[in-house]
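Remarks on the structure that follows.
What you are looking at is a predicted structure, and each value in this text was computed from that prediction instead of being measured. We count ligands from 1, going down the list as the structure has it; atoms in each ligand are counted the same way.
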Amino acid sequence: MPDDFDVIICGLGAMGSAAAYHLAKAGHSVLGLDRYQPPHTFGSSHGLTRIIREAYFEHPLYVPLVQRAYELWGDLEKESGRKLFIQTGGLMIGPPEGVLVAGAKRSAEEHKLQYELLSAAEIRRRFPVLAPDEKMVAVSEPRAGILFPELAIQTHLDLGIKYGADLRFNEPVVRWEPDGDGVRVFTASGVYSGQKLLLSAGAWVNSLLSRPGLPLTVERQILFWFEPKSSRDRFNPQICPVHIWEYARHRFFYGFPDLGDGVKVAIHHEGELTDSESISREVAAVEIENIRTILRRFVPAADGALKSAAVCIYTNTPDEHFILDYHPDHRQVLIASPCSGHGFKFSPVIGELATKLLEDKTPGFDLSLFRMNRFRTAG
Ligand SMILES: Cc1cc2nc3c(=O)[nH]c(=O)nc-3n(C[C@H](O)[C@H](O)[C@H](O)COP(=O)(O)OP(=O)(O)OC[C@H]3O[C@@H](n4cnc5c(N)ncnc54)[C@H](O)[C@@H]3O)c2cc1C
């Protein structure tokens, strides 16, 4: 095999696997490197399910991107013959003036999305397993649903290989350096040349930047699967939507229907700050009790036996918007990382955009929220 590539990808998780697929499909010679063998449980992309939603409370700018992601998920399902998405609808529940409900409403209105605003009584009537406080309301959006992250990553990798990508696992990138207009990448077992480099190393990305680190935090997150205590049928994905709650000011949790593994729930943020190497993978009794306290109040029928739990990683930027931009000192290097706990749904569109940016084409989407120059330390 040649050791000179159009593009070298460092990190083949959600973003890197999607980029490998899009780049190889576009005809580029691609080398993809990962320190482990994705899909794996050490980064940010495990835990069986991820939410996709369209009325994006974080910012309306994400809506065209998620709409393109929906198209690409559909294309990927067709091309692979694999089921990667199920539509359940979604509820964003909280106080009417809270960031979740007001933000989802703003995106829905700005982009003329179909949605309903439900009162607490209406939420309880339609979805009897959900028990919002009287003053809560919900933005109900029909297109939300569930993606299967491990299968999606495997599918991007499989099809990337089909289109000729050279993917090497258990081969960590140790460092890279510019080499004229290209790059040289050093791993534990080889040195490779590329015209371009994509850094998609998720929680490890800071260790690969040849300049003072980005202001990123790595946050421990716990996923729980509970046996329904009652009303099992009502957690069926045909009638139970994915649901995100602003249960106190700026504090969130979310839940899924029961796909056979139990009812999956998790707190969004509020995790211990850590790093990708020393993170504790054990779940403490007090952490189980914390989520049970929330469930007893808002989803009491889910407060049954704990079936399993998993620890996962958020890599956060200070404003919780993504990074998708050229390295400030080296335009041949693109960074597609820190997705601040909400990036999975976008992975195919990030793969497509990374391809365009590495081809020096205009992306066709407003990516201004994702620029590096918003971080003062990154220059
Ligand atoms: C608990 C939890 C729930 C989430 N829920 C949602 C959700 O519902 N919806 C949603 O859209 N998003 C969600 N997210 C966010 C989403 O999952 C992440 O944004 C996304 O998976 C991150 O993908 P990534 O490619 O950046 O990182 P990863 O998938 O972790 O990939 C990074 C890869 O880089 C590799 N790597 C690291 N260092 C090196 C090196 N030196 N050399 C080679 N390879 C290296 C790693 O091995 C890894 O495979 C959630 C995240 C978590 C943790």
Checklist entry - Of all the atoms in ligand 1, which lie at a distance below 4.0 Å from a heavy atom belonging to Tyr314? => result 2 (C), 3 (C), 50 (C), 51 (C), 52 (C), 53 (C)

Item to check | Contacting atoms of ligand 1, where contact means under 4.0 angstrom from a heavy atom of His40 | outcome: 46 (C), 47 (O), 48 (C), 49 (O)

Item to check | Verdict with supporting geometry, Arg35 and Asn170, side chain to side chain contact (heavy atoms under 4.5 Å, CB included) | outcome: CA-CA 5 Å; Arg35 65 189 302 140; Asn170 302 308; over 6 Å; no

Checklist outcome for this item: The protein heavy atom nearest to atom 39 (C) of ligand 1 is Arg35 CD, 3.6 Å

Checklist entry - In chain order, what residues pass the side chain to side chain contact (heavy atoms under 4.5 Å, CB included) check against Glu116, with sequence neighbours excluded? => result Leu118, Arg126, Ser140

Checklist entry - Of the protein's non-hydrogen atoms, which lies at the shortest distance from atom 8 (O) of ligand 1, and what is that distance? => result Ile51 N, 2.7 Å

Next on the checklist: Just to confirm my output: which protein heavy-atom neighbour is closest to atom 53 (C) of ligand 1, and how far is it?
Outcome noted: Cys312 SG, 2.7 Å

Checklist entry - Would you call Glu122 and Arg125 a salt bridge, using N to O less than 4.0 angstrom? => result yes

Checklist entry - What class does the angle between the rings of Phe322 and His342 fall in, given that below 30° is parallel, 30 to 60° is tilted and above 60° is perpendicular? => result tilted

Next on the checklist: Using a 4.0 Å heavy-atom cut-off, which part of Ser276 comes near ligand 1: side chain, backbone, both, or neither?
Outcome noted: neither

Checklist entry - Would you call the rings of Trp204 and His40 parallel, tilted or perpendicular if under 30° counts as parallel and over 60° as perpendicular? => result perpendicular

Checklist entry - Which residue owns the protein heavy atom closest to atom 41 (N) of ligand 1, what's the atom, and how far is it? => result Val173 O, 3.0 Å

Item to check | Side chain, backbone, both or neither: the part of Trp204 lying under 4.0 Å from ligand 1 by heavy atom | outcome: side chain

Checklist outcome for this item: ligand 1 atoms nearer than 4.0 angstrom to some heavy atom of Gly11 are 33 (C), 34 (O), 35 (C), 44 (N)

Checklist entry - Any nitrogen or oxygen of Phe344, main chain or side chain, under 3.5 Å from a nitrogen or oxygen of ligand 1? => result yes

Checklist entry - Applying a 4.0 Å heavy-atom criterion (strictly less than), which segment of Leu33 is in contact with ligand 1: side chain, backbone, both, or neither? => result backbone

Next on the checklist: Distance under 4.0 Å to a non-hydrogen atom of Ala14: what atoms of ligand 1 satisfy this?
Outcome noted: 21 (O), 23 (O), 25 (O), 29 (O)

Item to check | Gly47 heavy atom under 4.0 Å from ligand 1 | outcome: no

Item to check | Contact summary for Pro348 and Ala69, nearest pair of heavy atoms | outcome: CG-O, 4.2 Å

Checklist entry - Salt-bridged, Asp258 to Lys264, with N to O below 4.0 Å? => result no

Checklist entry - Is it the side chain (CB and beyond), the backbone, both or neither of Ile313 that lies under 4.0 Å from ligand 1, heavy atoms counted? => result backbone

Next on the checklist: Looking only at protein heavy atoms, which one is nearest to atom 21 (O) of ligand 1, and what is the separation?
Outcome noted: Ser45 OG, 2.6 Å

Item to check | Taking atom 49 (O) of ligand 1 as the reference point, the nearest protein heavy atom with its distance | outcome: Asp34 OD2, 2.6 Å

Next on the checklist: Under a plain distance cut-off of 3.5 Å, with no hydrogens placed, do Ser45 and Glu150 share a side-chain donor-acceptor pair?
Outcome noted: no

Next on the checklist: Considering both backbone and side-chain atoms of Ser44, is one of its nitrogen or oxygen atoms within less than 3.5 Å of a nitrogen or oxygen in ligand 1?
Outcome noted: yes

Checklist entry - By number and element, which atoms of ligand 1 are closer than 4.0 Å to a non-hydrogen atom of Cys339? => result 19 (O)

Checklist entry - Can any side-chain N or O of Gln221 pair as donor or acceptor with the backbone N or O of His269 at less than 3.5 Å? => result yes

Checklist entry - If you look at every heavy atom in Ala24 and Val30, which pair is closest and at what distance? => result N-CG2, 3.8 Å

Checklist entry - Does the ring centre of Phe253 sit less than 6.0 Å away from the ring centre of Trp245? => result yes

Checklist outcome for this item: Of Ala336, Pro338, Ala201, the residue with the heavy atom nearest atom 32 (C) of ligand 1 is Ala201

Item to check | Heteroatom proximity flag, Gly16 to ligand 1, N/O under 3.5 Å | outcome: no

Next on the checklist: Taking 4.0 angstrom as the limit and counting only heavy atoms of Lys345, give me the atoms of ligand 1 inside it, by number and element.
Outcome noted: 9 (N), 10 (C), 11 (O)

Item to check | Geometric cation-pi criterion, Arg68 with Tyr70: 6.0 Å, 45° | outcome: no

Checklist outcome for this item: The atoms of ligand 1 lying under 4.0 Å from a heavy atom of Gly43, numbered in the order shown, are 30 (O)

Checklist entry - Can we call the ring centroids of Tyr314 and His268 under 6.0 Å apart? => result yes

Next on the checklist: We want to know whether His111 and Glu54 form a side-chain donor-acceptor pair, criterion being a heavy-atom distance below 3.5 angstrom.
Outcome noted: no

Checklist entry - Are the aromatic rings of Phe365 and Phe370 close, with centres under 6.0 Å apart? => result no

Next on the checklist: Side chain, backbone, both or neither: which applies to Tyr254 and ligand 1 if a contact is any heavy-atom pair less than 4.0 Å apart?
Outcome noted: side chain

Checklist entry - Touching ligand 1 at all, Ser200? Heavy atoms, strictly under 4.0 Å? => result yes

Item to check | Subset of ligand 1 atoms that lie under 4.0 Å from at least one heavy atom of Cys10 | outcome: 40 (C), 42 (N), 43 (C)

